[in-house]
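The structure under discussion appears below in the form of structure tokens.
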Amino acid sequence: TPLTELLIRRGRFPADVVQAIGRQLISGLAGLESRKIVHGEIALWNVRLTSKGIATLVDAGIAPIVRPEILIDTEVSPERFDGVAPERVATGNPATAASEIYALGCLLWQLLAGRPPFPTGDPLTKLAHHQTRPVADVREWVPDCPDALAELLTDMTAFEPLARPASFAELTERTQLRDL
């Protein structure tokens with residue numbers, strides 16, 4: 001089942017479930033990264049969760065081939081822009097490890113909070129917010145979020161790409177060393 005449907009049906013996810021999903025996705029994305037593949041569209045609808053709790057990211061590498069740049073269109077559903085990294089907005093820049101880490105951080109943030117970091121119904125406003133505002137600390141909406149997870153999400157969604165973890169391999173190590 002896509003995470004989009006589960007979030008709508010069940011509401012926000014508990015921190016331990018988000019941690020498990022995060023570990024699995026980080027591991028899978030580290031595997032893609034080692035093969036020099038950028039997913040290009042990390043979003044709730046591209047993650048499937050099995051009844052046994054296995055999270056799978058689908059459609060890897062398709063978006064960068066079909067649509068390497070972000071198309072800004074008011075007819076596009078606003079949730080398409082829930083995880084667009086600031087450096088990609090209105091620049092034509094392709095997806096990178098840094099922008100993918102930002103997108104995954106936004107996805108995990110949304111699972112915890114039950115809403116995207118910038119919950120507006122207007123796609124242009126959502127893009128403008130990603131480009132001009134930092135993502136808020138998830139503990140503002142989820143006060144019981146474990147500090148380690150909240151701090152990781154803050155690092156992953158840092159406004160400046162160089163302030164984010166450098167790679168999914170680094171995130172894999174970091175999540176194994178700490179209680180993500």
Check this for me: Arg133, atom CZ, are more than 12 non-hydrogen atoms of other residues, nucleotides or ligands nearer than 6.0 Å?
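No.
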Return a table of donor-acceptor pairs under 3.5 angstrom between the side chains of residues 47-57 and protein atoms on other chains or two or more places apart.
unit_1 : atom_1 : unit_2 : atom_2 : d
Arg48  : NH1    : Trp45  : O      : 2.3
Thr50  : OG1    : Lys52  : N      : 3.2
Thr50  : OG1    : Gly53  : N      : 3.4
Thr50  : OG1    : Ile54  : N      : 3.1

Exam field: side chain [X] to backbone [Y], donor-acceptor pair closer than 3.5 Å:
X: Asn46; Y: Glu41; result: yes
X: Glu33; Y: Phe168; result: yes
X: Glu100; Y: Gly40; result: yes
X: Trp109; Y: Ala136; result: yes
X: Thr157; Y: Leu153; result: yes

Where do Ile101 and Thr96 land on the side chain to side chain contact (heavy atoms under 4.5 Å, CB included) test, with the steps shown first?
CA-CA 9 Å; Ile101 288 168; Thr96 63; over 6 Å; no
Common cluster, Leu6/Leu104, ILVMFWY with side-chain heavy-atom separation under 4.5 Å
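Shared cluster, yes.
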Are the side chains of [X] and [Y] in touch, meaning some heavy atoms are under 4.5 Å apart?
X: Leu149; Y: Leu108; result: no
X: Met156; Y: Cys106; result: no
X: Leu3; Y: Leu7; result: no
X: Leu127; Y: Phe118; result: no

Carboxylate-amine/guanidinium contact Arg139 Asp144, below 4.0 Å
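No, this pair does not count.
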Pair Arg164 + Glu170: basic N to acidic O under 4.0 Å
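No, no charged N to carboxylate O under 4.0 Å.
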Euclidean distance, [Y] [atom2] relative to [X] [atom1], rounded to 0.5 Å:
X: Thr154; Y: Asp147; atom1: OG1; atom2: CG; value: 10.0 Å
X: Leu29; Y: Ser167; atom1: CG; atom2: OG; value: 11.5 Å
X: Leu107; Y: Leu25; atom1: CG; atom2: CG; value: 7.0 Å
X: Leu171; Y: Ser27; atom1: CG; atom2: OG; value: 11.5 Å
X: Thr4; Y: Leu44; atom1: OG1; atom2: CG; value: 4.5 Å
X: Ile26; Y: Thr175; atom1: CD1; atom2: OG1; value: 5.0 Å

Side-chain donor-acceptor pairs of residues 8-17 under 3.5 Å, sequence neighbours excluded:
unit_1 : atom_1 : unit_2 : atom_2 : d
Arg9   : NH2    : Glu5   : OE1    : 2.9
Arg12  : NH1    : Leu112 : O      : 3.1

Work out which heavy atom in [X] is nearest to a heavy atom in [Y]; give both atom names and the distance.
X: Val138; Y: Cys145; answer: CG1-SG, 3.8 Å
X: Ala95; Y: Val38; answer: CB-CG1, 3.4 Å
X: Ala98; Y: Pro161; answer: CB-CB, 3.9 Å
X: Pro165; Y: Arg174; answer: CG-NH1, 4.1 Å
X: Trp141; Y: Arg115; answer: CZ2-NH2, 2.5 Å

